[in-house]
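Quick note: numbers below take in every heavy atom, side chains included, and nothing from hydrogens, waters or symmetry partners. Both ligands and their constituent atoms are indexed starting at 1 by order of listing.
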Amino acid sequence: MHSPSLPNRSIEMYGSVIDSDQLERLRSLAESLPDVRVLHVNSTATGGGVAELLRSIVPVCDDLGVQTDWVVMDATDEFFEVTKAIHNGLQGDRSPLTESMKSTYRAVTERNAAEIEDVYDLVVIHDPQPLGMLERLEETMPNATYVWRCHIDITDPSEEYLAFVSGYTSRVDHAIVSRSAYEANVEAPKTSVVHPSIDPLTKKNRSIDEETIETERDRMDPLSFDAPLVTQVSRFDPWKDQFGTLEAFHRAREHVTGLQLALAGGMAGDDPEGLEIYEQVAEAAADDPDVHVLTDLPDTRVNVLQRGSDVVVQKSLREGFGLVVSEALWKRTPVVGSNVGGIPLQVEHGQNGYLVEPDDVQGVADHLVTLLEDEDRRTAFGSNGRAHVRDHFLLPRQLADLFGVFVTVLE
Ligand code: UDP
């Protein structure tokens, strides 16, 4: 296990996006958690939404007086192959789960659990990867309360994988999911819904001066910000459907002169599929000078890209929540997204973007053309998107919801 480095954060820094009532509520919830020590456990410090979220939330919890630590598992490629299969199985993939996969999972999770020496009152286990640590942790911390936070889209899980994961989740005290539709498939004594959020203060989300924008734009050359631009920012992952986005782009381009597509993606530390999908996407785009496959962009460049795109697409086939959608809306960029997982919580059809069914490539193309041909609509959608995220998907709101759950489970 290791502890990632964290940015400096205090709740006061959120003064521009939190009113005094919200701040009071947060402070009073934090005061209801006196002397409570909280541990978050997940499986990567970089890449993907969970790491993004913990990096911001953990230091603010500490600032509010709720002692909070975050540790990340150390694991082998073999383990991450297994946990990606579990992730995919929970999202609906029907490949088999073998005894050998289960024993790899158990061995690595037990080894990681044995490395935790401190004692906590509340342990939050994120996603399936660290769930196998439970048995050992229950021995070393019998008085702790255990919460499983599931960030995955579990509307249609494989029975075999769900049964394996349920063997663990039935032992926790409480589970948290990102959308109420997921609750039915979680086997835990109690469940709550907490919508994730973005942090408006990170390099990825804060406003940027013109000079930095220009510098970062130059670094993305030959991508041009003077021609129409559609972007998807996602891990290279089968569920993110970069190929569907590519096809929708091809169809939209027939109507929009000079249209470009940026597919920005990274490799999360716990996601072994990334490289293979990246290579397939890069190959599919290789002969097209208007498709730009960008990898491992620094956060400021992701910010400039989301901000400078005319439309952002999120054509996922499954999506736990999809922080990238709020990231784009916060920057006043309209989003065309699939009507799956957490995307419809964020995209208000006809207000800040458009929702399409996940197999509807032509629908994506049509909505792209509508938006790309209508600057006034894009501007109006952009303002609506910013307001929607401000009201629902910024860090202080999520923190209040989380503290609310913590208070309940510790009662
Ligand atoms: N991300 C990034 N660079 C990339 C791809 C993704 O910084 O090349 C970030 C993205 O901005 C977002 C997170 O990774 O903050 C992805 O979170 P999301 O909830 O959208 O999806 P997940 O990867 O957790 O399925």
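- With hydrogens and angles disregarded, a donor-acceptor distance shorter than 3.5 Å links the side chain of Asp19 to the backbone of Asp21.
- Scanning the protein for heavy atoms near atom 23 (O) of ligand 1, the closest one is Arg235 NE, 2.7 Å.
- Here atom 9 (C) of ligand 1 lies nearest to Lys204 when heavy atoms of Lys204, His87, Glu319, Glu52 are compared.
- Counting protein heavy atoms only, atom 14 (O) of ligand 1 is closest to Gly48 N, 3.6 Å.
- Interface of Glu327 with ligand 1, defined as ligand atoms under 4.0 Å from a residue heavy atom, comprises 10 (C), 11 (O), 12 (C), 15 (O).
- Checked options Arg55, Arg9, Arg206; the residue passing with Asp199 is Arg9 (criterion: salt bridge (Lys or Arg N to Asp or Glu O under 4.0 Å)).
- Judged purely by atom type and a 3.5 angstrom limit, Asp63 has no side-chain atom pairing as donor or acceptor with the backbone of Pro59.
- At a threshold of 4.5 Å between non-hydrogen side-chain atoms, the residues Asp153 and Tyr182 count as touching.
- His388 and Phe393 have perpendicular rings, their planes meeting at more than 60° on a 0 to 90° scale where under 30° would count as parallel.
- Every atom of ligand 1 is numbered from 1 in the order shown, and the set under 4.0 Å from a heavy atom of Gly322 is 19 (O), 20 (O).
- No side-chain heavy atom of Asp69 sits under 4.5 Å from any side-chain heavy atom of Val58.
- Between Tyr168 and Phe164, the ring-plane angle classifies as perpendicular under the 30° and 60° cut-offs.
- Ligand 1 has Val233 within reach: a non-hydrogen atom of the residue lies less than 4.0 Å from it.
- Note: an N/O pair closer than 3.5 Å links Gly265 and ligand 1 by distance alone.
- Look at Glu12 and Arg27 and you find a salt bridge, because one of the NZ, NE, NH1 or NH2 atoms lies within 4.0 Å of a carboxylate O, short of that distance.
- Shortest contact from atom 18 (P) of ligand 1 to any protein heavy atom: Leu323 N, 3.5 Å.
- Counting heavy atoms under 4.0 Å from ligand 1, residue His151 does not touch it at all.
- Residue, atom and distance of the protein heavy atom nearest to atom 21 (O) of ligand 1 are Lys240 NZ, 3.3 Å.
- Contact atoms of ligand 1 toward Gly266: 4 (C), 5 (C), 8 (O) (distance under 4.0 Å to a heavy atom of the residue).
- For atom 16 (C) of ligand 1, the nearest protein heavy atom (residue, atom name, distance) is Gly49 N, 3.6 Å.
- Between the side chains of Asp290 and Gln260, no donor N or O sits under 3.5 Å from an acceptor N or O.
- Which of Ile152, Val324, Asp199 comes nearest to atom 10 (C) of ligand 1 through a heavy atom is settled by distance: it is Val324.
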